**Student:** 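Sharing a structure with you now.
Values in this document were obtained by computation on a predicted structure and should not be read as measured data. Both counts, for ligands and for their atoms, begin at 1 and track the order of listing.
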Amino acid sequence: MPVVRTLTRTVKQVLKSPVCGCQTVTSVRSIGVSPRQVTSDASFHSVSFSEADHPRVLITGGLGQLGVGLAKLLRKRFGKNNVILSDIRKPPDNVFYSGPFIYSDILDYKNLREIVVNNRITWLIHYSALLSAVGEANVPLARAVNITGLHNILDIAAEHGLRLFVPSTIGAFGPTSPRNPTPDLCIQRPRTIYGVSKVHAELMGEYYHYRYGLDFRCLRYPGIISADSQPGGGTTDYAVQIFHDAIKTGRFVCNLKPDTRLPMMYIDDCLRATVEVLEAPTESLTMRTYNINAMSFSPEELAQEVQKHLPELEVAYNVDAVRQAIADSWPMNFDDNNARKDWGWKHEYDLPELVTTMLGYLNPERLAAQAQA
Ligand SMILES: NC(=O)C1=CN([C@@H]2O[C@H](COP(=O)(O)OP(=O)(O)OC[C@H]3O[C@@H](n4cnc5c(N)ncnc54)[C@H](O)[C@@H]3O)[C@@H](O)[C@H]2O)C=CC1
Ligand SMILES: CC(=O)[C@H](N)C(=O)O
């Protein structure tokens, strides 16, 4: 009975929480006899009113394709020092000097908890993961990072009353899911460790939400395309590489078949969606995991669009069997009507806009001028 009372109290506290998610709740790991227990009212600093206005954000796995861009966006909104990037890799100079950075291995529960406590974190954005292709190449590591790491994140978020964002992916669906289009709720039987771990994250996050009142928010991202950051080993990476090769060598060898259609999105739309769902009023969220989408195309269609700007571009195909099998099991089109209806999701970049923007950004003259500035 005391456990039930604690949980009921926890849920009530969370429901009463302010927008920044600055409430403190009882440790989930402490529900048993965990030595990791901290008291629910542990408070090491007094928080002034103006500081409490903004969330204090920690981004895990922040040195990958998406983290640095998200930190930049959030720092503009909440102030440089309110957003901490973390990773297990060494940050390049430009990242290190642009705002707070901290080493954090998500497999180290105590270290993670210390960072959250010492920095009075209120929003946790959990980007650490091994993506689809690298995950298949090292299943034990993918299982550890994507599943054990997530357990640490969930417990710390619940224990400290954080608002938790964990991205999922089109890869959370499999060959038995409806593929054209794929709705939010349908069969999910992915055949990659990456997909399995993301379905696990969706379900565990939702379970912690309903069981412990955790403010869990999750978007299923399509393949993300960015100019100033490199993808980390996924199946959709070709859609970034084509731009670099088109400009550098005028020749691109694609590792997927020409007609492999997948949902895709420009990074600015992805990061904006992330901020929007994080800021959405609780009552607008009828679900905790949403599909979001912008466009769908095949390598052939993308190449044709790039060739409108760079007609000399030559494209050849050398199919990678692992990536092709993964892509063939993923959605071709993504149904994101619930996100549009509930919290007003609207993409800004379609295929022509994406290609113009990517080529404009990677224009050698622009990059040279930027390097000199
Ligand atoms: N980029 C994309 O196209 C998509 C990304 N996502 C999700 O968005 C999130 C971010 O994606 P990206 O930035 O593209 O990933 P990425 O692979 O580029 O970066 C992941 C980061 O996690 C870090 N990491 C690995 N092990 C770690 C550990 N033990 N502790 C702390 N950090 C660790 C890596 O050092 C890396 O910097 C991931 O969860 C991914 O699944 C979802 C769908 C599409
Ligand atoms: C779509 C994703 O989740 C990622 N880019 C991958 O291809 O693994």
Side-chain angles (χ1 to χ4, degrees), residues 58-71 85-92 95 101-109 111-112 115 124-138 141-153 164-173 182 190 192-202 205 218-226 228-241 255-256 260 262-267 269-271 273-274 289 291-294 296 320 322-324 326-327 329-331 334:
L58 175 67
I59 304 175
T60 69
L63 295 184
Q65 187 189 1
L66 306 184
V68 173
L70 184 65
L85 265 178
S86 72
D87 208 300
I88 52 172
R89 295 194 276 147
K90 199 164 137 188
V95 173
F101 176 87
I102 202 161
Y103 171 87
S104 170
D105 181 347
I106 56 155
L107 295 174
D108 184 343
Y109 177 85
N111 172 248
L112 201 55
I115 291 169
L124 182 46
I125 297 175
H126 178 46
Y127 267 177
S128 309
L130 262 65
L131 272 58
S132 57
V134 291
E136 289 312 289
N138 192 343
L141 184 62
R143 199 180 71 171
V145 173
N146 296 9
I147 298 179
T148 308
L150 174 90
H151 293 168
N152 289 339
I153 294 285
L164 174 63
F165 178 82
V166 181
S168 186
T169 161
I170 49 172
F173 297 94
T182 305
T192 59
I193 185 64
Y194 178 57
V196 169
S197 69
K198 289 295 186 178
V199 177
H200 179 71
E202 293 175 7
C218 174
L219 296 179
R220 294 192 190 105
Y221 294 160
I224 306 301
I225 299 164
S226 57
D228 61 350
S229 57
Q230 290 296 323
T235 305
T236 58
D237 292 9
Y238 90 86
V240 176
Q241 197 56 41
N255 55 22
L256 294 182
T260 311
L262 292 167
M264 300 278 184
M265 182 177 284
Y266 184 55
I267 188 165
D269 273 343
C270 166
L271 302 181
T274 304
T289 302
N291 292 351
I292 51 163
N293 197 20
S296 264
D320 174 301
V322 173
R323 282 184 164 85
Q324 187 64 49
I326 294 173
S329 73
W330 282 3
F334 225 25

**Student:** What pairs with Y238 under ring pair (Phe, Tyr, Trp, His ring centres under 6.0 Å), at least two apart in sequence or on another chain?
**Tutor:**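 In terms of ring pair (Phe, Tyr, Trp, His ring centres under 6.0 Å), with neighbours along the sequence ignored, Y238 is linked to no residue.
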**Student:** Ring pair (Phe, Tyr, Trp, His ring centres under 6.0 Å) with Y266: which residues, sequence neighbours excluded?
**Tutor:**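 Applying ring pair (Phe, Tyr, Trp, His ring centres under 6.0 Å) to Y266 gives Y349.
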**Student:** For atom 8 (O) of ligand 2, tell me which residue out of A239, G223, S132 has the closest non-hydrogen atom.
**Tutor:**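 The residue whose heavy atom sits nearest atom 8 (O) of ligand 2 is S132.
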**Student:** Does the S197 side chain pair with the main chain of Y194, one donor and one acceptor, at a distance under 3.5 Å?
**Tutor:**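 Here the side-chain-to-backbone pair exists.
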**Student:** I'd like the contact residues of ligand 1, where contact means a heavy atom below 4.0 Å.
**Tutor:**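 G61, L63, G64, Q65, L66, D87, I88, R89, S104, D105, I106, Y127, S128, A129, L131, V145, P167, S168, T169, Y194, K198, Y221, P222, G223, I224, G232.
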**Student:** Could you tell me the residue and atom name of the protein heavy atom closest to atom 5 (N) of ligand 2, and the distance to it rounded to 0.1 Å?
**Tutor:**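 For atom 5 (N) of ligand 2, the nearest protein heavy atom is T236 OG1, 2.8 Å.
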**Student:** Geometry only, no angles: is Y194 polar-contacting ligand 2 at N/O separations under 3.5 Å?
**Tutor:**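 Among all N and O atoms of Y194, at least one is under 3.5 Å from an N or O of ligand 2.
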**Student:** Checking the side chain of N291 only, and the main-chain atoms of F334 only, is there a donor and an acceptor separated by less than 3.5 Å?
**Tutor:**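 Checking the backbone N and O of F334 against the side chain of N291, no donor-acceptor pair under 3.5 Å is found.
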**Student:** Got a donor-acceptor contact below 3.5 angstrom from the D237 side chain to the G234 backbone?
**Tutor:**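 Looks like yes, one N/O pair under 3.5 Å.
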**Student:** Looking only at atom types and distance, does a side-chain atom of K198 sit under 3.5 Å from a main-chain N or O of F173, one as donor and one as acceptor?
**Tutor:**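 Not at all, since once roles are kept as given, no pair shorter than 3.5 Å links the two residues.
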**Student:** To the nearest 0.1 Å, how far is atom 7 (O) of ligand 2 from its closest protein heavy atom, and which atom is that?
**Tutor:**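 Result for atom 7 (O) of ligand 2: T235 N, 2.6 Å.
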**Student:** Which atoms from ligand 2 have a heavy atom of L131 less than 4.0 Å away?
**Tutor:**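 Those atoms are 4 (C), 8 (O).
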**Student:** According to salt bridge (Lys or Arg N to Asp or Glu O under 4.0 Å), who are the partners of R143, at least two apart in sequence or on a separate chain?
**Tutor:**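 Expected list: none.
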**Student:** So, does T182 use its side chain to make a donor-acceptor pair with the main chain of P331 at under 3.5 Å?
**Tutor:**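 Flag not set: sc T182 to bb P331 has no pair under 3.5 Å.
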**Student:** At the 4.0 Å heavy-atom cut-off, does W330 count as touching ligand 2?
**Tutor:**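 Yes, that is the case, since the closest heavy atom of the residue is under 4.0 Å from the ligand.
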**Student:** Does ligand 2 have a heavy atom under 4.0 Å from the side chain of I224, from its backbone, from both, or from neither?
**Tutor:**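 Within the 4.0 Å criterion, I224 makes no contact with ligand 2.
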**Student:** Starting from atom 2 (C) of ligand 2, which protein heavy atom do you reach first, and at what distance in Å?
**Tutor:**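 For atom 2 (C) of ligand 2, the nearest protein heavy atom comes out as T169 OG1, 3.5 Å.
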**Student:** Any donor-acceptor pair under 3.5 Å linking the side chain of Q65 with the backbone of I224?
**Tutor:**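 Confirmed, Q65 side chain pairs with I224 backbone.
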**Student:** Do R89 side-chain atoms and L63 backbone N/O form a donor-acceptor pair below 3.5 Å?
**Tutor:**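 Yes.
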